[in-house]
Amino acid sequence: MVEKPLISTVVSPLLLLLLAAGGVAAADLEPVPAASQEAPAAAEKDGAADAPAGTVTNEEQPADETLPATMEQPPAVGIEPPPPAAEEPAAQPPVEGAPLPEDERQVEVLEQKGGSLGYNFVFGDDYRGRALEYGFLKSSRNGGLFYRHMEKDTNLELEGFYLNENDYHADLLMDYKGDYRLHLRTESLYHNLDRELLFPQRFETGRTDDRTSLAEYRPVQDPVANYGVSVVQDRADFRYRLHNFPLHVNLGYWRYVKEGTIQQRFADTAFEGATNFIYAQRRGVDQQVQEGRVGLDSHLGPVDLVYDFKVRYFEDRLPTPVDFYQERHRFNGADDFTGGTRQHNENPDSSFFSHTIKLHTSLAGGLVGSGSYSFEQRENLSELTDTTGARHMKSYLQNAAGDLIYTPSREYSFAVKYRRQEIDHNKRDPLNNTAFADPVIAAKAPIETTRDLVTGTISYRPTLHLALVGEYRGDFLSRNNVTDLPTEMTWGLPESTSTHTGSLSAYYRPVKGLRTSATYSYASADHPAYGASFQTRHEAKLLATYTLNNRWGLTSHAIFRRDQNDEVRKYLVNYPFEPLSFSLAPITSRSTNSENANIGAWWVPFRGLTVGANYSYLHQEVEQGVFFTGVVVGSEAASQFSSRSHVYGVNANYTLSEKSDLAVAAQQIRSSAAFTPSDTSFSLTSSTDGIKEITAQNTVITSLSARGEYRFTSALSTTLEYTFNDYNELKSAYQSYSGTVHAIVAALAAKW
């Protein structure tokens with residue numbers, strides 16, 4: 001990754017705005033003199049506005065005051081002056097202890113400011129990308145700042161921290177009487193990516209267009225390099241409320257930028273041809289997403305109305321990769337692909353916009369209703385030059401929802417929810433690619449779907465310590481452009497899939513400090529669409545927590561799931577392969593079992609010390625038949641995939657004195673996984689031997705952190721933090737990913 005100048009990487013557009021706005025606001029928000037604070041409110045003070053439901057306001061009440069005598073105007077010449085008004089009684093002094101009117105209350109101004117400066121030392125051994133997956137692997141200066149100013153009508157909060165050029169954040173929040181609210185935020189994170197290794201050397205195998213010759217497969221490996229991308233998000237939100245009308249205007253802007261380098265893997269291979277290549281290359285990343293949002297929400301008597309408009313644009317700011325491809329022929333020797341220099345692996349630009357309308361009644365009543373509708377359009381803006389027809393392809397999504405909740409009493413509550421989604425696509429132009437002998441490409445039209453989701457819930461609370469919840473969920477999905485057997489123009493999927501799920505939950509608190517819950521659900525689906533879909537599912541969830549006198553506690557939970565599908569459909573390719581046709585393979589089954597459990601405990605042996613420990617177990621096992629040598633009869637073998645993880649953790653926090661604290665934490669993850677097909681021989685030269693050995697993984701991940709803080713005074717302190725991360729692959733095939741990272745962060749902080 002090419003290092004970027006500090007000013008362009010750290011000081012993103014919003015960060016500049018944050019610092020500028022924070023500096024101006026800090027100058028404008030000096031504490032108000034006491035004399036000014038005690039001045040009476042102006043007579044023309046605006047009254048409080050009615051805010052939409054769910055909005056908490058801090059508005060001042062309208063004052064009923066008469067104009068001062070200095071503002072009275074003399075009567076016009078020739079006009080009889082009006083009779084003097086009746087003398088008003090003198091204002092009574094406030095009763096001692098009675099609350100003052102809100103506009104006369106004295107609110108103490110709160111102002112806090114501070115910051116820190118330090119250095120981040122990062123060093124380690126071997127490959128460090130997995131040991132510290134989300135972190136920049138270079139030492140750097142670091143620092144932070146914060147500023148808070150709060151008074152009766154105005155609040156300002158500014159906070160930021162800089163760890164390195166790819167890891168920082170800043171946040172600014174300003175509020176004036178609840179009428180104007182501005183929120184600015186920028187943040188950046190770095191993600192280290194793997195460099196995958198291709199097969200080590202060339203090999204030869206048969207080819208379909210010439211049964212007497214062999215095809216050669218060659219790997220083209222990229223040089224050793226560290227891959228990673230930085231992700232920057234900038235966000236700006238502004239809300240305006242009409243002071244005398246319950247209406248909010250919301251404006252928003254979101255920017256997402258991804259920059260760095262990745263490993264691009266692609267292939268120039270076919271069943272026809274003498275030479276084939278598998279590539280791993282370095283590819284730059286420079287992508288940007290920008291989104292704008294405009295919204296209105298208002299309280300209109302018995303209902304609240306919300307409208308939201310959103311527009312988004314994705315842009316890949318680097319050119320599409322171009323490489324040389326081999327010429328190819330069909331099975332019968334006819335010309336097919338002309339080869340040459342061609343574009344590949346495009347990240348097409350795209351645009352998106354949506355309109356959303358929401359309507360709901362008061363959320364505080366016994367009967368609550370709500371509804372919403374949204375329309376979305378997504379458009380492909382491909383910039384390919386050798387392929388036409390993809391640009392301006394559009395997809396349309398319509399979503400509708402309606403909820404009705406009725407609570408007749410404390411014991412009972414009923415809810416019905418309905419969701420509907422429709423996905424449509426515009427009429428596609430024919431695809432043309434100049435690299436083929438016949439430039440017109442036959443492409444399958446996308447599937448258009450309609451999905452309806454109905455949920456009914458009944459809640460019963462016979463006592464304050466027991467609650468029972470029953471729920472039914474129906475999911476109905478229909479598709480078009482599908483057939484029982486796939487063709488060159490249609491997809492092999494069922495026309496409809498219906499899933500019915502029922503669940504029962506119990507929440508029980510038998511004694512003080514003990515909370516338990518249990519949930520069981522059963523789901524059944526007809527016509528499962530994919531091999532990984534379930535036909536039946538059993539799921540159970542258990543949770544228990546116990547706390548005694550804030551001295552010790554236990555937390556445990558477990559999730560058990562069993563999926564079964566006895567209608568896994570697979571398709572065989574019929575010979576001869578031109579024209580392409582399929583037939584249904586014998587129906588097979590797939591089963592999935594998973595168990596996840598966690599138990600944790602904490603203990604306070606004496607004041608100032610808290611210790612804790614936890615253990616987690618995660619296990620998944622899948623059994624199904626898999627094609628190995630082709631999509632023909634005799635190429636399938638029963639297979640099993642299993643993964644298992646054990647997570648151990650301990651931590652302690654100790655207050656040494658009023659001036660110093662110490663915290664330590666350690667965690668180790670032991671995980672293993674393997675793909676194990678049954679011992680099967682497909683021919684004299686092909687079998688499943690050795691597949692388990694090359695796919696098995698055994699990984700140990702260890703992390704340790706220690707942090708100490710010492711406060712010289714109430715305004716000055718220092719911190720020292722050490723972290724250790726070790727990633728260890730025990731299998732020799734993956735040991736190149738093992739590595740260790742040490743990081744030490746030292747900082748001096750001050751506040752006033």
Worksheet entry | Side-chain ion pair, E165 and K138, N-O less than 4.0 Å | no

Item to complete: Flag the pair Y240 / H248 as yes when their ring centroid distance falls below 6.0 Å, and as no otherwise.
Response: no

Worksheet item: For F123 and F121, what are the C-alpha separation, side-chain angles and deciding distance, and is it a ring-ring contact (aromatic ring centres under 6.0 Å, His included)?
Response: CA-CA 7 Å; F123 54 95; F121 302 88; 8.1 Å; no

Worksheet item: If we only count heavy atoms from C-beta on, is the E621 to F641 side-chain gap below 4.5 Å?
Response: no

Worksheet item: Does N596 reach the side chain of H619, with side-chain heavy atoms less than 4.5 Å apart?
Response: no

Worksheet item: Just by distance, do the side chain of N653 and the backbone of L662 share a donor-acceptor pair under 3.5 Å?
Response: no

Worksheet item: Between CD of E346 and OG1 of T385, what distance do you get to the nearest 0.5 Å?
Response: 9.5 Å

Worksheet item: Are N651 and V611 close enough that some pair of their side-chain heavy atoms sits under 4.5 Å apart?
Response: no

Worksheet item: Does Q221 use its side chain to pair, donor to acceptor, with the backbone of L198 at less than 3.5 Å?
Response: yes

Fill in: R644 side chain reached by Y617 side chain, heavy atoms, under 4.5 Å
yes

Item to complete: Say whether, by atom type as modelled, one donor and one acceptor occur between the side chain of S139 and the main chain of V122 under 3.5 angstrom.
Response: yes

Worksheet item: Shortest non-hydrogen contact from N120 to A743?
Response: OD1-CB, 4.3 Å

Worksheet item: Where the side chain of T702 meets the backbone of D726, is there a donor-acceptor pair that is under 3.5 Å apart?
Response: no

Practice prompt. Could you give me the CA-CA distance, side-chain angles and deciding distance for Q343 and T320, then say whether side chain to side chain donor-acceptor pair (under 3.5 Å) is met?
Written response: CA-CA 6 Å; Q343 296 172 308; T320 301; 4.8 Å; no

Practice prompt. Measure the acute angle between the ring planes of Y279 and F266, then classify it against the limits of 30° and 60° as parallel, tilted or perpendicular.
Written response: parallel

Worksheet item: Has the side chain of N192 got a donor or acceptor atom that lies under 3.5 Å from a matching backbone atom of G135?
Response: yes

Worksheet item: Is a side-chain donor or acceptor of R181 paired with a backbone partner of D175 at a separation under 3.5 angstrom?
Response: no

Discussion item. When you measure from the side chain of R551 to the backbone of P605, do you find a donor-acceptor pair of N or O atoms at a distance under 3.5 Å?
Written reply: yes

Worksheet item: Taking atom types as modelled, is there a side-chain donor on D194 or Y127 under 3.5 Å from an acceptor on the other?
Response: yes

Worksheet item: Is it the case that Q290 and Y253 place a side-chain donor and acceptor less than 3.5 Å from each other?
Response: yes

Discussion item. Under a 3.5 Å distance rule, please check whether T261 uses its side chain to pair with a backbone N or O of V229 as donor and acceptor.
Written reply: no

Worksheet entry | Side-chain heavy-atom pair W602, N614 within 4.5 angstrom cut-off | no

Discussion item. Assess, by modelled atom type and distance only, whether the side chains of R670 and Q668 contain a donor and an acceptor separated by less than 3.5 Å.
Written reply: yes

Worksheet item: Would you say the side-chain atoms of T695 pair up with the backbone N or O of K692, donor to acceptor, closer than 3.5 Å?
Response: yes

Worksheet entry | Residue among R283, H344, R282 satisfying side-chain hydrogen bond (donor to acceptor under 3.5 Å, both in side chains) with Q264 | R283

Worksheet entry | Check ion pair D237-R185 (N to O, under 4.0 angstrom) | no

Worksheet item: Does the side chain of N250 reach to within under 4.5 Å of the side chain of D297, using non-hydrogen atoms?
Response: yes

Discussion item. Between E379 and R391, is the salt bridge (Lys or Arg N to Asp or Glu O under 4.0 Å) condition met? List the steps.
Written reply: CA-CA 8 Å; E379 182 177 4; R391 186 174 176 85; over 6 Å; no

Practice prompt. Please collect all side chain to side chain donor-acceptor pair (under 3.5 Å) contacts where either partner lies in residues 707-720, sequence neighbours excluded, each pair once.
Written response: D661-R711

Fill in: pair R293-F309: side-chain heavy atoms closer than 4.5 Å
no

Worksheet entry | Non-hydrogen side-chain atoms of E196 and R265 separated by less than 4.5 Å | yes

Item to complete: Begin with the C-alpha distance, continue with both residues' side-chain angles, and end with the deciding distance and a verdict on side chain to side chain donor-acceptor pair (under 3.5 Å) for Y162 and H169.
Response: CA-CA 7 Å; Y162 170 84; H169 73 269; over 6 Å; no

Worksheet item: Would a distance-only check, ignoring hydrogens and angles, find a side-chain to backbone donor-acceptor pair under 3.5 Å from R241 to K177?
Response: yes

Worksheet item: Y190 and side-chain contact (heavy atoms from CB on, under 4.5 Å): which partner among D167, N166, L137?
Response: N166

